[in-house]
Amino acid sequence: MSSEQSNSNQGFMSSDAIRHSFSLAMSKMYQTEVPLYTELMELVAEVNEKVLAQQPEIAKQLKHTGEMDRLNMERHGAIRLGTAAELTMMRRLFAVMGMQPVGYYDLAPAGVPVHSTAFRAIDTESLNNSPFRVFTSLLRLDLIDDETLKQQAQSALDARNIFTDGVVRLIEAYENEGGLTKEQGEQFVQEALETFRWHEQSPIAKDMYQQLASQHQLIADVVGFKGPHINHLTPRTLDIDAVQQGMQSRGIPPKAIIEGPPRRNCPILLRQTSFKALEEPVSFRGADGQYQSGHHTARFGEIEQRGVALTPKGRALYDQLLNEAREKLGGTPNESNAEQYYQLLSESFAAFPDDYQTLHDEQLAYFHYQPNETCSSNLTEIDISTSNLQQLIEQDVIRIEPIVYEDFLPVSAAGIFQSNLHSDTASSYDGQSNQQEFEQALGESVQDELALYAQRQEESLQACLAALQQAA
Ligand code: OOG
Ligand code: NI
């Protein structure tokens, strides 16, 4: 029995249900905060509908993998935290919703002074019930070189409390009782939402904000606010190139480059684009208690297209081909070299097989194994075992369906961060990446995303063989 079933059996609201409800509440809040996000959602829904109508094989695949029902509720968000204590409590908050930290992303080499993880559901069923994920970064104040400023930033962070008392009580209740009742669950959603809300009033003075921003825009974005406002929500599209064009024709200027792999027949990993952060009015607190007006750019919109998860071998090939294209470009992709970059990218990725069968056979990607209902072979005469897997696939007894990538990509994430920063600060930090320190702040280890995909592939294989043996 999954933990999901066990907590709903005891009269608790399931973690999947809490996560789903939270993701809807968050989307509703962000739509009122950033109306352009609503427009983006409409555009994505339109494009997805068209793809499903025009490409029935994609519709079929999504039905087989269970992703069809989740498509329109699928999104991720992102937040940036300031202290270890905030990250620990955030982990406990997400745990109530069945979201666990997966993966470690070090953004310092790309000039972004944070390291990050993604909180998300783990097993196939929970992912299909609600795929909501949150890319969560922890600011690395150790990368600020001005000692005085570092101290000031630290005191500002230590003085804030980003969680309501109510949400902390409910987190404790969840941990002690093993779940929340429906009433508590609903209350939890409302209380948790408060942490992610936008605050127009900054608790710090304008000149401190400016000093922080001159070190790095991102430092000001974290230290200058009462809480970790959600900075974007990202719906999932089935055709990101169509959305990129659609944005332009609706007068929403997208960032110059779609991050990730090039367009392919069989999408791999993740492609992402965004529209630029909005400049928003903020008022800063003066020493005399009076507020002084200013502005801040932080919140933006993003869209992504997800493809099959890659094995370590596939991922190594992806990294190699991406690096090759970037090295040939001889700089960071931007408006002025976009066409050339796409050209180099597609040349370089010609070396990456582009049909699911080859991706499977060469162990470049992860797949679900499923009994093929349309197969007419007599199962009693066939060896239904792992050692005969290839044969079973060739004879159409078993079909393979791509396991969708649920995680993020560091180079892409850096590109997304960067496109929203308007500062000409360091292009890379050489401070050592420190997963151990991150995990200490988190209060536990992050899960290895590759191991999770391998495990789900293996589980689907065992379930598939068992079903076939039963049928035989
Ligand atoms: C997070 C940027 C990374 C993604 O989808 O890769 C990201 C941030 O700006 O806080 O959201
Ligand atoms: Ni994002």
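Note that ligands are numbered from 1 as they come in the structure, with each ligand's atoms numbered from 1 the same way. Quick caveat, the model's predicted, so the values are computed rather than measured.
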Exercise. With atoms numbered from 1 as shown, which atoms in ligand 1 lie under 4.0 angstrom from a non-hydrogen atom of His76?
Worked result: 5 (O), 11 (O)
Exercise. Hey, is the main chain of Ile403 close enough, under 3.5 Å, to the side chain of Glu67 for a donor-acceptor pair?
Worked result: no
Exercise. Is the shortest N/O to N/O distance between Asn231 and ligand 1 below 3.5 Å?
Worked result: yes
For this session: Would you mind checking if Glu406 and Arg70 are paired as a salt bridge, meaning a charged N to carboxylate O distance below 4.0 Å?
Result: yes
Problem set entry | Side chain, backbone, both or neither: Gln272 near ligand 1, heavy atoms under 4.0 Å | side chain
For this session: Compute both the distance and the angle, then confirm whether Arg306 meets the cation-pi test with Phe408: under 6.0 Å from the six-membered ring centre, within 45 degrees of the axis.
Result: yes
Problem set entry | Where Leu238 and Asn48 come nearest, the two heavy atoms and their spacing | N-OD1, 2.8 Å
Problem set entry | Backbone or side-chain N or O of Ser412 under 3.5 Å from ligand 1 N or O | no
For this session: Could you pull out the closest heavy-atom pair between Thr273 and Pro254, with the gap in Å?
Result: OG1-CB, 4.3 Å
Exercise. Which of the numbered atoms in ligand 1 are below 4.0 angstrom from a heavy atom of His232?
Worked result: 1 (C), 7 (C), 11 (O)
Problem set entry | Centroid separation Tyr174 to Phe188 less than 6.0 Å | no
Problem set entry | Minimum side-chain heavy-atom gap His20-Phe132 below 4.5 Å | no
Problem set entry | Main-chain N/O of Trp198 paired to Glu33 side chain as donor or acceptor, under 3.5 Å | yes
Problem set entry | Protein heavy atom at shortest distance from atom 9 (O) of ligand 1 | Arg80 NH2, 2.7 Å
Exercise. How about Asp221 and His216: does a side-chain donor come under 3.5 Å of a side-chain acceptor?
Worked result: no
For this session: Report the nearest protein non-hydrogen atom to atom 3 (C) of ligand 1: residue, atom name, distance rounded to 0.1 Å.
Result: Ala413 CB, 3.6 Å
Problem set entry | Least distance between heavy atoms, Ile240 atom then Ile303 atom | CD1-O, 3.6 Å
Exercise. Which protein N, O or S atoms lie under 2.8 Å from the Ni ion (ligand 2), given by chain and residue number?
Worked result: His76 NE2, His232 NE2, Glu302 OE1
Exercise. Heavy atom under 4.0 Å from ligand 1: found in Leu409's side chain, backbone, both, or neither?
Worked result: neither
